[in-house]
Amino acid sequence: MISEKIEALLREVDRAEAGSEKEVEELRVRLLGKKGEITRLFDEFRTVSAEHKREFGQKLNNLKNKATEKINELKGRIGQSESSDRTTDLTMPGDMHELGTRHPISITREEIISIFRKLGYALAEGPEIEDDYHVFEALNFPPDHPARDMQDTFFITSGHNPVLLRTHTSSVQVRTMERNRPPIRVICPGRVFRNEAISARAHCIFHQVEGLYVDKGVSFADMKQSILLFVREMFGENTRIRMRPSYFPFTEPSTEVDISCNICGGKGCNICKGTGWLEIMGAGMVDPNVLSACGIDPEEYSGFAFGMGIERIAMLKWQVRDLRLYFENDVRFLREFETSI
């Protein structure tokens with residue numbers, strides 16, 4: 001009985017044909033799969049008497065080898081047939097892949113860093129997930145201080161010294177002052193988070209660059225001159241600045257810094273809302289309480305700090321009207337910055 005099955009399968013293997021890879025695979029599964037016909041014969045072989053095992057064993061192995069050879073032969077024919085049917089000229093050069101461009105936020109960030117490096121500022125970075133002490137308390141934000149309402153914070157944990165997503169990169173300045181002794185001159189770029197409604201003018205994620213200079217005899221005039229040099233490098237040598245009194249818990253005195261509108265030259269337009277001025281940053285002299293919290297003697301040292309939003313600078317530099325464009329990865333928008341690399 002088993003001998004007749006072997007002979008029948010040998011004839012079937014000899015006659016087997018296939019017109020596609022799918023048919024070849026179906027043949028392989030039917031003959032050599034886990035429940036295939038040849039596999040079942042090997043299971044039956046166990047019941048063959050000892051005197052016939054040698055004879056039937058050789059026949060079974062021969063059948064399995066012929067089936068495997070036939071399947072490989074059919075696969076080869078199918079592959080050659082598909083190759084001959086190709087109409088593509090394989091000697092032709094391939095299509096060129098389009099090169100991407102750097103994101104406008106990255107371009108602006110690197111330009112800001114490059115300008116301040118020329119002024120002697122080193123780069124400092126810190127964690128985006130911070131504790132309350134470095135984000136608020138060390139920066140002169142007592143627990144019940146109303147200035148905390150200025151920050152819409154994403155808290156991760158609660159309780160004493162809770163963990164949160166930093167609302168500004170001033171926390172990097174604190175860590176820098178804790179680790180280093182004056183003179184200190186650093187810029188701190190990074191991503192920050194605030195719980196704000198997303199619109200054309202605001203986003204819950206944005207990027208800042210903050211600067212800090214601490215040394216003996218640092219004055220408000222030093223700060224003003226540094227900011228003036230920066231804005232003229234960034235927006236043009238004819239740019240003017242204007243400083244308005246403001247309030248920040250970590251600086252005293254504090255100021256908001258405006259630049260003359262680079263669109264209308266200060267004459268008034270829809271970008272500057274007819275005022276001729278555009279706000280770009282906040283700044284001020286480092287509060288003595290902040291220096292003390294970081295282990296620096298405010299009687300011996302003084303310093304200034306400033307901070308600006310990178311999205312804001314990029315908006316002014318390229319007249320981008322909607323903050324959301326920075327986060328949508330629209331290729332049409334990003335292509336506009338190919339020449340800015």
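Along the sequence shown, residues are numbered consecutively beginning with 1. No experiment lies behind these values; they were computed from the predicted model shown.
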- Non-hydrogen atoms of K317 and F235 that approach each other most closely: N-CE2, 4.2 Å
- Task: Applying salt bridge (charged side-chain N to carboxylate O under 4.0 Å, His left out), run through K75 and E21 and close with a yes or a no.
- Result: CA-CA 7 Å; K75 283 183 178 179; E21 288 186 0; over 6 Å; no
- Check whether any side-chain N or O of T169 sits under 3.5 Å from a backbone N or O of P189 as a donor-acceptor pair, and report yes or no. no
- Query: Distance from L119 atom CG to I187 atom CD1, nearest 0.5 Å?
  - Reply: 9.5 Å
- Query: How close do I241 and W277 get, heavy atom to heavy atom, and via which atoms?
  - Reply: C-CZ3, 3.8 Å
- Query: Hey, mind stepping through D131 and H134 against side chain to side chain contact (heavy atoms under 4.5 Å, CB included) and telling me if it holds?
  - Reply: CA-CA 6 Å; D131 55 44; H134 288 92; 2.9 Å; yes
- Test salt bridge (charged side-chain N to carboxylate O under 4.0 Å, His left out) on E125 and R109 and set out the steps. CA-CA 13 Å; E125 296 181 311; R109 176 184 184 273; 3.1 Å; yes
- Do D222 and S219 pass the side chain to side chain donor-acceptor pair (under 3.5 Å) test, and can you show the C-alpha distance, the side-chain angles, and the key distance before you say yes or no? CA-CA 5 Å; D222 296 324; S219 67; 3.1 Å; yes
- Specify whether F327 and H203 have parallel, tilted or perpendicular ring planes, treating 30° as the upper limit for parallel and 60° as the lower limit for perpendicular. parallel
- Main-chain N/O of R194 paired to D152 side chain as donor or acceptor, under 3.5 Å: no
- Looking only at heavy atoms, what is the nearest atom pair of I107 and W318, with distance? CG2-CH2, 3.7 Å
- Message: Is it the case that the side chain of E256 and the backbone of S246 share a donor-acceptor pair, with hydrogens and angles ignored and the cut-off at 3.5 Å?
- Response: no
- Query: Under 3.5 Å, is there a donor-acceptor pair between the side chain of R166 and the main chain of G190?
  - Reply: no
- Item | Common cluster, V290/V172, ILVMFWY with side-chain heavy-atom separation under 4.5 Å | no
- Message: Starting from F155, can I reach Y133 by hopping between I/L/V/M/F/W/Y residues whose side chains sit under 4.5 Å apart?
- Response: no
- Is a side-chain N or O of S114 found less than 3.5 angstrom from the main chain of E110, in a donor-acceptor match? no
- Between Y121 and R185, do the side chains contain an N or O donor and an N or O acceptor separated by less than 3.5 Å? no
- Message: Which Ile, Leu, Val, Met, Phe, Trp or Tyr residues join V192 in one cluster when any pair of side-chain heavy atoms under 4.5 Å counts as a link?
- Response: F206
- Query: Is I129 atom CD1 crowded by more than 12 heavy atoms from other residues, nucleotides or ligands, each under 6.0 Å away?
  - Reply: no
- Message: Quick check against the 3.5 Å criterion: does N161 have a side-chain atom that pairs as donor or acceptor with the backbone of D132?
- Response: yes
- Item | Sidechain-backbone polar pair: S199 side chain, A202 backbone, donor-acceptor under 3.5 Å | yes
- Message: Any side-chain to backbone donor/acceptor pair from E252 onto P249? Under 3.5 Å, distance only.
- Response: no
- State which residues pass ring pair (Phe, Tyr, Trp, His ring centres under 6.0 Å) with F306; sequence neighbours excluded, sorted by chain then number. F116
- Could you tell me whether E299 atom CD has more than 12 heavy atoms of other residues or ligands within 6.0 Å of it? no
- Query: In Å and rounded to the nearest 0.5 Å, what is the CG to CZ distance from D287 to F248?
  - Reply: 13.0 Å
- Task: For the pair R28 and E25, evaluate salt bridge (charged side-chain N to carboxylate O under 4.0 Å, His left out) and give the outcome as yes or no after the intermediate values.
- Result: CA-CA 5 Å; R28 185 195 68 78; E25 180 62 15; 2.8 Å; yes
- Task: Nearest 0.5 Å please: distance from the CZ atom of R179 over to the CD1 atom of I184.
- Result: 10.0 Å
- Query: Does R332 CZ have over 12 foreign heavy atoms under 6.0 Å away?
  - Reply: no
- Calculate, to the nearest 0.5 Å, the distance between atoms CG and CG belonging to N329 and L334 respectively. 6.0 Å
- For A314 against V320, the heavy-atom pair lying closest together: O-CG2, 4.3 Å
- Item | Side chain S260, main chain R240, donor-acceptor under 3.5 Å | yes
- Message: Please report the interatomic distance CE(M308) to CD1(I227), rounded to the nearest 0.5 Å.
- Response: 7.5 Å
- Task: Indicate, with yes or no, if I198 and L325 share a hydrophobic cluster defined by side-chain heavy-atom contacts under 4.5 Å among Ile, Leu, Val, Met, Phe, Trp and Tyr.
- Result: no
- side chain to side chain donor-acceptor pair (under 3.5 Å) involving N62 - partner list, sequence neighbours excluded: none
- Search all heavy atoms of M223 against all heavy atoms of A283 and return the closest pair with its distance. SD-CB, 3.7 Å
- Task: Say whether, by atom type as modelled, one donor and one acceptor occur between the side chain of H207 and the main chain of E311 under 3.5 angstrom.
- Result: no
- Query: Do the non-hydrogen side-chain atoms of Q173 and C294 ever get within less than 4.5 Å of each other?
  - Reply: no
- Message: Between R244 and E279, does the salt bridge (charged side-chain N to carboxylate O under 4.0 Å, His left out) criterion hold? Intermediate values first, please.
- Response: CA-CA 10 Å; R244 294 177 286 106; E279 179 187 328; 3.6 Å; yes
- Item | Spacing of S226 atom OG and I115 atom CD1 [to the nearest 0.5 Å] | 12.5 Å
- For F250 and L139, work out which heavy atoms get closest and say how close. CB-O, 3.5 Å
